[in-house]
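First the proteins, then the strands, lettered A, B, ... as listed; each starts at 1. Scope of the values below: all heavy atoms of this structure, side chains included, with no hydrogens, waters or symmetry mates.
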Amino acid sequence: MSAAVSQPDVTPAISVKNLSMRFGGFQAVQNLSFDVGHGEIFGFIGPNGAGKTTTIRVLSTMLEPTAGTVEVCGKDTTYDPEEVRRLIGYMPDHAGVYERITVGEFLQFFAAAVGVPKHVVAGVIELTDIGPLRDRMVTSLSKGQKQRVQLARVLLHDPKVLILDEPASDLDPRARIEMRDLLVDLAKNGKTVFLSSHILTELAEVCTQVAILERGRLVACGPVDAIGRSMRNETHKDTARLRILPGAHDERATDIVRATAGVHDVTPVQKGFLSFAYQGGDETIAAVVSALVAGGVGVVGVEPERSELEQVFLSVTAGEQQ
Amino acid sequence: MNLHHPIFVREMQASMRLARTPWLLMILTLVLGLGLAAFGAMATSDRGNPAELGQGIFQAFFSVGYLVAMIFGPAISSAMVASEREGRTWEALILSGLSPQKIAKEKFLAGLASSGLYIIALSPIAGLSFLFGGVSATEVFLGFVVLFAVACLASLLGTALSAVWKQQRGATIATLTASIMFGGLLFALFGFGSSFAMHDKWHAIPEAHPIWLPLAWVRAPFGVDYVLLLICMPIILFGTAGWFLYETAVAHMKEDTDDRASGYRRWFLWSVPALGFAAMCPVLVADSDRNRVGLAVVSGVLFFGFTFAALLLLGAEPVTASKRVLMRLARQAGRRSIAQPGLVTTIAMFLGVSLTTAAAMMLGVIATLGSGGNSMRNLGQVMSAYAYGAAFFLFVGGLLAVLRARGSNALLARLITVGVVVAAALGPPIFLLIMKATTDGATGDLVPLASPSPLYVAAMFDALESSYRARDADLYAGMLCIVGWTTLGTALFGFAYMRARRLRALANQ
């Protein structure tokens, strides 16, 4: 008797190769290539009009690419759209709900539409923690609750890949945190999450990889810290905000920071706060703190003025109107 | 029909949970019931013949029923797909794995069930008509059959326009406008208009009574005429119109790169011969050769008008189908049909089916013509009308194919084609009139100047009626133009074929 040895799945969850999309004379997406591994949370970032939603609509089989191939778990979105639809759960931005039906009926409807047994609904309700909403009219829910219901809907057929277009837009901070935690849980359970957003802090906290799109072209792709490292060349400067103890002399602190190697511009922001540009990464920060402490200035804290992802985004995008 | 289908259940829930539904039902039933009862009471007090009262109530009830079906059915259905798009639930629905065909069918059935509710609520009032007399219970029952057929068509109209429009308000306004316009036109043409012809044919059918079909089914004597006019024609007309609306709904539920045209092609393939047969039904039952020729020409004009409109709307396809469609076709290689995608094959199919049907219609008319003194004239008139129509249609198909193959977008190609057809139809007669005016009445020799126009068939008819040999030139000019349009159409189509082949080869490189 021979035991079957399970092979690791080497096919990427999502594989995009040389994807181009043209609408008449407008080139929406140009020569896009990236892979997303299984179990990853992949952030898809770009300014408005960069081609995020077009790419997502190709991924979800709603559009056929003008050129290139897009595969989900090895299935081509052009040639096997039905198979791909079984593998993905797609939540469009501002996804709507039906009027005059309850949350339970809404999920029962989609369960019947995708052909899963009724008892699955109870499972996804528990997973997404929307049990108390079950008998409420869907239209009466808050935006955050509706997003949870939408997430429950896309989970009904147990898809391998979740494609979420701006899942946290319009959500209040609490709902945003809850949504983020839910996505992390889903990724831990083996789901691949492909999400687009322009709320960079939200992506920075959950994404294992990001792709940055501008004017339909991919300008950066990979783990956030790896992109950040690759960008730190000789001319790159980070900025940090320094908070010193009340009562300390701001001018003295300014002089000490300015004198530290690697520091360039120092600007007092308000009383007790300084902003400075620097090179050399965390070593320079450590040197600044040591110098201040040695000079008798109490340091309350130092933090980057922008998250790493924000800095990456600002560095690789031109910031022009698109 | 699956009453447990999720779309059907959800649509019915949404419709029934609408607060205004029971109120509308109650108000409609009350108003119509009281109105017809008052009509009956007034008519009785006027000492009219009580036996005729029932007929009046029957006509009034089913006319109002027709109005209800034409207004409520489309109004309910018009929101069904557009609201999904506007409410951003459409993507979720279409990605759930349900096919557009299934969605269209269930949406249509839900719309029909909702409008059927209004018809059923009104049904007890219809009983008044046979209680008064003048109509039988069978006729009332058949009246409901016709009403449900109308409701089906109206619901399909709403579903189709709902799929075409992206916004719910636009869909509702367009649907109501279309249903009021088409509903009114159908009522005038097939209701009032046809009732006179039916009364002439069968006197038991009352004249100027728009709801004549249920009465005709009961009162007309059974025979070939009965089968052709009262069974075949209504079934073909309702069936092809309903099928077209269904395919429109399905096509517009699909994405641009999906196969949106195969359904239309299938519909065209079956509908054209069926409609050709329906157009021939009045010709076949005509009581004289003179009438038969006249009806054959009217049928031919209607037939070519229909095929021209269908070619223009559905034939302007891209040179080749999308990769997704081609892959699907490759997978279905075992069951290929002539309804293949792509510009050249589509137009070839449209031309082939239309011209074959037209030829069959012409042969059918010729076969039924008598062999009396005017037989050659009748034969000549039928042949000239159908030959000219076919030649000009071939030219239109070739022109549309060339325009699309040369890269014009579908709308531009359609507009240019319509422009050329209008210019070809009206230009030569206008030129003839100008020449007549400028040559001081020396008109006889100038008539052939109008021969490039399809309207010239009228001049060929005149020439065939005339015993003067001088009119032979008019006939020869017409025949020359038939040959000319045929040659030009064939050449244009050949050019389009070559161009499309070159483009496909380039795309495959």
Side-chain angles (χ1 to χ4, degrees), chain A residues 21 23-24 53 56-67 69 76-102 105-116 118 137-139 146 149-150 153-154 156-157 159 163 165, chain B residues 2-21 79-80 82-100 102-103 106 168 253-260 318 321-331 407 409-411 507:
Chain A
M21 195 70 213
F23 299 102
T53 299
I56 284 180
R57 286 177 69 80
V58 174
L59 272 174
S60 59
T61 74
M62 307 282 283
L63 286 175
E64 186 182 309
T66 312
T69 57
D76 194 300
T77 57
T78 300
Y79 301 128
D80 285 308
E82 287 85 7
E83 192 64 35
V84 172
R85 286 173 189 186
R86 276 191 280 274
L87 292 166
I88 63 167
Y90 171 52
M91 190 165 101
D93 61 332
H94 302 105
V97 290
Y98 292 119
E99 290 178 358
R100 299 187 289 280
I101 61 172
T102 64
E105 287 168 340
F106 180 80
L107 293 174
Q108 292 287 1
F109 166 73
F110 277 104
V114 296
V116 297
K118 281 185 177 177
M137 287 287 165
V138 213
T139 42
K146 279 181 188 164
V149 172
Q150 290 291 355
R153 172 186 69 73
V154 301
L156 280 167
H157 61 295
I163 299 171
D165 195 359
Chain B
N2 179 5
L3 290 177
H4 299 291
H5 193 279
I7 291 182
F8 182 81
V9 172
R10 199 198 67 71
E11 291 292 352
M12 291 309 291
Q13 273 175 346
S15 172
M16 290 302 110
R17 287 176 187 178
L18 203 61
R20 63 173 178 259
T21 303
M80 288 186 170
S83 66
E84 299 256 16
R85 287 211 172 98
E86 196 175 309
R88 302 296 311 270
T89 50
W90 179 248
E91 286 106 332
L93 185 63
I94 203 76
L95 290 178
S96 68
L98 291 172
S99 66
K102 195 77 187 162
I103 296 172
E106 295 301 327
Q168 191 178 338
M253 285 181 190
K254 293 180 177 176
E255 296 296 324
D256 288 344
T257 48
D258 280 338
D259 184 6
R260 299 176 80 164
S322 71
K323 286 179 276 184
R324 189 176 285 178
V325 175
L326 291 175
M327 172 59 77
R328 284 215 176 113
L329 285 168
R331 284 176 185 161
N409 70 42
L411 181 65

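With a 4.5 Å cut-off on non-hydrogen atoms, B/Glu91 touches chain A through its backbone and its side chain both. For A/Glu105, the part lying under 4.5 angstrom from a heavy atom of chain B is the side chain only. For B/Glu86, no part lies near chain A; criterion is any non-hydrogen pair under 4.5 Å. Neither the backbone nor the side chain of A/Val84 comes within contact range of chain B, judged by heavy atoms closer than 4.5 Å. Both the backbone and the side chain of A/Glu64 come within contact range of chain B, each with at least one heavy atom under 4.5 Å from a heavy atom of that chain. Contacts of B/Arg17 with chain A are made by both backbone and side-chain atoms, with heavy-atom separations under 4.5 Å. Of the two parts of A/Asp93, the backbone and the side chain both hold a non-hydrogen atom closer than 4.5 Å to a non-hydrogen atom of chain B. Neither the backbone nor the side chain of A/Phe106 has a heavy atom closer than 4.5 Å to any heavy atom of chain B. Residue contact with chain A, scored on non-hydrogen atoms closer than 4.5 Å, involves the backbone and the side chain of B/Leu18 alike. Proximity to chain B (any heavy atom under 4.5 Å) is shown, for A/Phe109, by both the backbone and the side chain. Using a 4.5 Å cut-off between heavy atoms, A/Thr66 contacts chain B through its backbone alone, with no side-chain atom that close. When heavy atoms are compared at a cutoff of 4.5 Å, A/Arg86 does not approach chain B at all.
No other option in A/Gly89, A/Pro92, A/Ala111 has as many heavy-atom pairs under 4.5 Å with chain B as A/Pro92. Heavy-atom pairs under 4.5 Å with chain B were tallied for A/Ser60, A/Ala95, A/Pro81, A/Pro65; the largest tally goes to A/Pro81.
Side-chain atoms of B/His5 never come within 3.5 Å of backbone atoms of B/Ile103 as a donor-acceptor pair (strictly under, hydrogens ignored). In this structure, the side chain of B/Thr89 engages the main chain of B/Glu84 through a donor-acceptor pair within 3.5 Å. For the pair A/Arg100 (side chain) and B/Ala14 (backbone), a donor-acceptor distance under 3.5 Å is present. Within the 3.5 Å criterion, the main-chain N or O of B/Ser15 finds a donor-acceptor partner in the side chain of B/Thr21.
Between the side chains of A/Arg153 and A/Gln150, at least one donor N or O lies within less than 3.5 Å of an accepting N or O. Using modelled atom types, one finds no donor on one side chain facing an acceptor on the other under 3.5 Å when comparing A/Asp76 with A/Thr69.
Between B/Lys254 and B/Asp259, no side-chain nitrogen of the basic residue sits less than 4.0 Å from a carboxylate oxygen of the acidic one, so the salt-bridge criterion is not met.
Across every non-hydrogen atom of A/Leu156 and A/Val114, the tightest pair is CB-CG2, 4.5 Å.
Rounded to the nearest 0.5 Å, atoms CD (B/Gln13) and CD (B/Glu11) are 10.0 Å apart.
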